[in-house]
Amino acid sequence: MPPPRSRKASARAVIQAGAGHRAFSAGADIPSLAARIAGGPERALREIMRRGHTPTRRIEEFAKPVIVAVNCLAYGGGCEIAEAAPLAIVAEHATFARPEIILGFPPPFGGSQRLPRHIGRRHGLEMILTGDLIPAARAAELGLVNTVVSADQLLDPGKELVGRIIGHTPTAVAACLPIDEGLAVEAACCAATVPTDGVRTGLRRLIERRPWLTEPTRSQTRRRSHPEVTRN
């Protein structure tokens, strides 16, 4: 999923949505990821972590508010894109997951820094250390997203939110957005896991299509009770 781009200089905000109905973003291409990891820590740091930080940092540091409209699953890098955006509106059937731990490494694109900021360290670590899926309702309860809506109305609340934002001075809005994270520390820690057996085993298991993502737990299931639109 590419970072946001504004085709009109006069645009005051961006709504970024996934194309189709299967996924907002399912994350990295696993065979390509495995090939880069096989090249060692330096190649992984250069071609995975630093390259992955580029779009998420651009979303986070964009001078105009970016609202992600999550239409379905957002796993791995897709979840990190949602975390990087200042605001998020999601369809009621959307799910989120941080499955990197199952592959043997930590979140590589900023998730270890941004996720705890949104939902608190304990809840963030629970997602990061288990790889569990969480449904949209739980994501809203934790504070990962702003609003849950029906899929056929996904863009309307985003447009309404933009209308409320653009009534304020652009310079004041832009001044509220920047956040600096410990991304260099995260990248170094992630690169350090590259030579380990855990990463090789996790990638091989996924490439061989073995079950690897856990379903929401029973308690999690019980808890469910003028902008631009960019598509990827």
Taking every non-hydrogen atom, the tightest pair across [X] and [Y]:
{"X": "I128", "Y": "G111", "result": "CD1-O, 4.1 Å"}
{"X": "F24", "Y": "A74", "result": "CD2-CB, 4.0 Å"}
{"X": "I89", "Y": "L154", "result": "O-CD1, 3.7 Å"}
{"X": "T56", "Y": "H53", "result": "OG1-O, 3.2 Å"}
{"X": "I15", "Y": "G158", "result": "CD1-C, 3.7 Å"}
{"X": "P107", "Y": "E80", "result": "CB-OE2, 3.6 Å"}

Report yes or no: does [X] contribute a side-chain atom to a donor-acceptor pair with the main-chain N or O of [Y] at less than 3.5 Å?
{"X": "H118", "Y": "A84", "value": "no"}
{"X": "R114", "Y": "F109", "value": "yes"}
{"X": "R12", "Y": "I166", "value": "yes"}

> So, do L115 and L144 sit near enough that their side-chain heavy atoms are less than 4.5 Å apart?
Replying inline: yes

> With a 4.5 Å heavy-atom cut-off, do R58 and P55 have their side chains touching?
Replying inline: no

> Got a second to check how far L73's CG is from L133's CG, nearest 0.5 Å?
Replying inline: 9.0 Å

> Out of curiosity, E160 CD to Q153 CD, how far, rounded to the nearest 0.5 Å?
Replying inline: 12.5 Å

> Between E60 and R117, is the closest basic N to carboxylate O distance under 4.0 Å?
Replying inline: yes

